[in-house]
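Fair warning: this is a prediction, and the values are worked out from it, not measured in the lab. Proteins get letters first, then strands, A, B, ... in listed order; numbering begins at 1 in each.
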2 protein chains.
Amino acid sequence: MGTSRTGAAGAASRIVVSRTGRLASAPRTGLKAPSSALPNPSLKAVPVRKGGALPEDLPLNQILLGDCIASLAKLPAESVDVVFADPPYNLQLEQALTRPDHSLVDAVDDDWDKFASFSDYDSFTRAWLSGVRRVMKKNATLWVIGSYHNIFRVGATLQDLDFWLLNDIVWRKANPMPNFRGRRFTNAHETMIWASKSADSKSYTFHYDAMKSANEDVQMRSDWFIPLCTGDERLKGEDGRKVHPTQKPEALLARVLLSSSNPGDVVLDPFFGTGTTGAVAKKLGRNFIGLERDPAYAKAARARIDGVEPLSDISIAAAPEKRTETRVPFLSLLEGGHVKAGETLTDERRRFQATIRADGTLTLGPVIGSIHKIGALSQGLPACNGWTFWHVLRDGKLVCIDDFRAKVRAEIGA
Amino acid sequence: MGTSRTGAAGAASRIVVSRTGRLASAPRTGLKAPSSALPNPSLKAVPVRKGGALPEDLPLNQILLGDCIASLAKLPAESVDVVFADPPYNLQLEQALTRPDHSLVDAVDDDWDKFASFSDYDSFTRAWLSGVRRVMKKNATLWVIGSYHNIFRVGATLQDLDFWLLNDIVWRKANPMPNFRGRRFTNAHETMIWASKSADSKSYTFHYDAMKSANEDVQMRSDWFIPLCTGDERLKGEDGRKVHPTQKPEALLARVLLSSSNPGDVVLDPFFGTGTTGAVAKKLGRNFIGLERDPAYAKAARARIDGVEPLSDISIAAAPEKRTETRVPFLSLLEGGHVKAGETLTDERRRFQATIRADGTLTLGPVIGSIHKIGALSQGLPACNGWTFWHVLRDGKLVCIDDFRAKVRAEIGA
DNA sequence: CATCGAATTGAATCCAGCC
DNA sequence: GGGCTGGATTCAATTCGAT
């Protein structure tokens with residue numbers, strides 16, 4: 001490590017984080033580069049890429065410290081196969097938020113997420129996307145993740161820059177943060193846009209069959225159900241606090257890379273953070289290039305990636321989707337036509353009645369509530385399973401609404 | 001039907017589709033309007049709206065034929081409660097693109113023309129969204145549905161026009177069209193953006209409690225699983241072919257209107273198509289205004305809506321929201337004899353005590369304050385809901401003072 | 001050591017009414 | 001309109017602590 005080479009001039013990115021996690025100065029002459037075009041020797045399982053040698057000056061499996069736009073400008077054109085980008089979301093936090101128990105939510109309020117205006121954010125987006133597009137090979141694809149705060153601006157900018165949108169993928173969170181004030185729907189997903197470099201990029205990588213086999217032999221859909229990054233996977237500092245506020249789950253990156261890259265490919269992440277992309281790339285035998293501005297993040301990423309052992313059998317990497325019994329809202333029974341608003345529900349012994357409302361609640365006299373609450377109230381009990389308690393009359397016979405739930409579950413394949 | 005009235009001048013929308021489905025010419029002087037400010041008499045179950053009369057010149061429960069931007073310009077400002085919009089998606093080059101003036105864009109692979117296409121689509125989007133925003137009441141909200149072809153441009157334009165995004169909702173399709181060529185993920189969802197008129201619109205309608213009750217007593221999430229519109233619900237022409245290519249399922253509209261509107265509200269749909277919004281609005285006791293430029297769609301919509309039977313009042317009556325229940329002073333509990341001055345209050349786990357004073361305040365040692373303030377002080381928290389925190393001993397058991405508040409509310413009929 | 005319950009936490013544009 | 005205050009508001013998963 002440490003060979004300097006003459007390269008693009010520029011002020012940024014003069015520092016790389018070596019694989020030991022130390023910060024090292026590099027000469028002003030250009031990017032730090034590995035001593036050969038081969039992958040970093042610490043990444044034992046990275047196969048040599050088919051289809052041509054890698055450019056000599058590609059800083060493979062390294063983290064380039066500095067502004068990502070400046071770093072991008074110094075990478076060779078048309079040199080990477082896939083890009084995964086998790087840019088700042090431009091959250092607009094009005095004020096502190098507390099949970100119902102009055103504890104404070106540790107929100108993202110870092111400086112890197114602050115922009116003065118939409119216009120500023122758009123300029124920033126256009127700049128880094130342009131830089132990314134230049135280093136993408138002709139058939140490379142790009143993933144960008146975001147929330148409703150920023151993803152619309154990112155998507156529009158992608159289209160303006162002649163990227164070609166292939167899919168928008170919804171990451172449905174298994175365990176999202178609730179809406180504490182009850183003023184909106186629970187914000188339970190984020191959106192990823194998958195785009196090719198241009199409409200002409202017809203030979204982009206997509207492992208259709210692998211995705212299909214990993215999904216019980218049906219086509220992988222555009223909505224993915226994956227838990228948040230928590231537990232041991234979440235990087236924590238010596239103080240026990242999370243190192244990065246928005247670390248993404250490895251399962252998400254694994255599905256991204258397995259579907260749209262090949263072993264030996266070069267994966268670029270311009271907002272590397274604590275290196276989830278690099279860790280998963282190494283695990284799956286891909287090369288990575290990480291760009292990161294914050295030395296603390298970069299150092300944590302380096303240490304993390306050095307601890308990753310490449311998988312010997314990549315096929316096991318596609319973690320099966322979390323399977324829990326799907327929650328069926330009673331409202332779905334109305335939507336599916338199994339029961340009707342205004343209809344009367346009764347119990348097996350026909351002692352109690354309640355009326356179905358159009359919004360999926362029940363009424364019992366003046367009281368409105370869920371099937372469970374009204375079931376409990378009817379019987380004077382503290383709790384009740386409304387699914388098994390309530391019945392409707394069909395052809396003169398009582399049918400339990402749980403039968404309809406089973407039908408709905410069957411319909412949705414859950 | 002057929003009363004003309006002097007209104008805003010303008011060239012478009014001189015035709016309305018009467019509820020019999022006939023196309024009728026209307027004078028150049030303005031919009032067709034019903035003969036009174038009350039809802040269309042064919043909509044028997046539409047309750048009269050609380051909170052003020054409707055503007056006299058609002059064409060309730062009608063379909064205005066013509067260009068939606070022109071029609072919007074003639075509706076009175078700040079007159080509608082909710083908007084649902086399903087704008088044209090046709091952005092991809094393979095499909096025709098309509099300019100704001102409805103001339104056809106001859107889309108080709110030419111870069112310049114492609115830019116022009118996005119730009120045209122943006123102008124169109126900006127035009128109709130501006131028109132919609134003008135007719136929205138201060139606390140009205142807007143829903144727009146789209147796919148990755150157009151939703152990013154719509155979302156960015158919404159933000160540019162100072163709409164305030166509340167949620168993006170993912171409609172997960174139960175039975176999406178498979179991806180035949182196996183080159184992408186199955187496009188199994190569409191996206192809806194829910195936005196208020198501005199960041200100041202804090203009192204928008206959201207039936208949080210109803211949604212939660214309808215969803216197993218947990219918050220409704222931003223991902224909704226709803227089947228496509230098929231079967232009998234799908235409008236078919238005499239040739240057996242579908243009348244409209246993208247007819248939305250009524251279940252989707254039902255959840256939209258149930259969550260974000262009240263009975264008697266005015267629901268505007270500027271791209272009415274075959275009238276799903278109108279059909280669901282009528283069924284749920286809401287008023288609608290539909291704008292549609294294709295006479296065939298409008299005619300099919302009119303016939304469809306006329307066949308809709310509104311649901312009974314009991315199944316759609318507005319549910320009381322807990323947060324808007326009448327405020328009861330703690331002093332009323334003393335006055336009603338539910339608690340006594342000098343009595344000791346304690347929390348559920350009997351860790352804290354406070355004494356009730358005759359004026360409805362509590363004392364904790366030397367400190368005097370409200371049930372909330374003293375509750376917060378006891379626990380060392382910044383805030384506390386005294387109603388649910390404090391209990392009194394009755395027959396050896398702890399009773400929450402919130403139970404007494406419920407009794408008081410029942411007594412005063414609130 | 002196992003088990004049960006309490007505490008913690010996560011990309012969040014998160015209050016309303018009265019004076 | 002600004003300021004004050006009453007009081008409404010959380011789901012799933014993991015970790016920690018007590019028994």
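With no hydrogens or angles considered, a side-chain donor-acceptor pair links Glu216(B) and Trp387(A) at under 3.5 Å. Ser378(B) and Arg351(B) form no side-chain donor-acceptor contact under 3.5 Å, judged by distance and modelled atom types alone.
The residue among Lys202(B) and Gln159(B) whose nearest nucleotide of DNA chain C is located toward the 5' end is Gln159(B).
Across all strands, Ser147(A) comes closer than 4.0 Å to no nucleic acid atom at all (heavy-atom distances). Residue-level contact check: Leu166(B) touches neither bases nor backbone, having no heavy atom under 4.0 Å from any strand.
Going from atom CG of Asp209(B) over to atom C1' of dC14(C) covers 15 Å, rounded to whole Å. To the nearest angstrom, P of dA6(C) lies 7 Å from CZ of Arg349(B). The interatomic distance linking Arg323(B) (CZ) with dG17(C) (P) rounds to 10 Å, in whole Å. One atom, CG of Asn139(B), and another, P of dC15(C), lie 14 Å apart when rounded to the nearest Å. For the pair His102(A) NE2 and dT9(C) P, the interatomic distance rounds to 17 Å; values are reported in whole Å.
Arg99(A) contributes a side-chain N or O that forms a donor-acceptor pair with the base of dG10(C) under 3.5 Å. Between the side chain of Lys248(A) and the base of dA11(C), at least one donor-acceptor pair of N or O atoms lies under 3.5 Å.
Two rings, from Tyr204(B) and Trp194(B), have their centers less than 6.0 Å apart.
For dG10(C), one of the phosphate oxygens OP1 or OP2 lies less than 4.0 angstrom from a side-chain nitrogen or oxygen of Lys242(A). Applying the 4.0 Å criterion to OP1 and OP2 of dC14(C), one finds that Tyr204(B) has every side-chain N and O outside that range. Within the structure, a side-chain polar atom (N or O) of Asn385(B) is placed less than 4.0 Å from OP1 or OP2 of dA8(D). Taking 4.0 angstrom as the limit, Lys212(B) places a side-chain polar atom (N or O) nearer than this to OP1 or OP2 of dT10(D). Put simply, Arg183(A) has a side-chain N or O that comes within less than 4.0 Å of OP1 or OP2 on dA16(C). Between Arg327(A) and the phosphate of dA12(D), there is a side-chain N or O to OP1/OP2 separation shorter than 4.0 Å. Taking only side-chain nitrogens and oxygens, Ser370(B) comes nearer than 4.0 Å to OP1 or OP2 of dG6(D). In terms of phosphate contacts, His372(B) brings a side-chain nitrogen or oxygen within less than 4.0 Å of OP1 or OP2 of dG7(D).
With a cut-off of 3.5 Å on both pairing distances, dC14(C) has no Watson-Crick or G-U wobble partner at all. If you check dA12(D) for Watson-Crick or wobble pairing at under 3.5 angstrom, you find it paired to dT9(C). The nucleotide dG7(D) finds no pairing partner, because no Watson-Crick or G-U wobble arrangement with both distances shorter than 3.5 Å includes it.
On the C1' atoms, dA16(C) is 15 Å away from dG1(D), given to the nearest whole Å. Taking atom P in both dA8(D) and dA11(C), one finds a spacing of 30 Å when rounded to whole Å. One C1' atom belongs to dG17(D), the other to dC1(C), and the distance between them is 14 Å to the nearest Å.
The pair Asp402(B)-Arg405(B) counts as a salt bridge, with a side-chain nitrogen and a carboxylate oxygen less than 4.0 angstrom apart.
Side-chain proximity of Arg405(B) to the nucleotides dT14(D), dT9(D), dA8(D) is greatest for dA8(D).
Ser222(B) pairs in a side-chain hydrogen bond (donor to acceptor under 3.5 Å, both in side chains) with only one of the listed residues (Lys173(A), Arg184(A), Arg172(A), His189(A)), which is His189(A).
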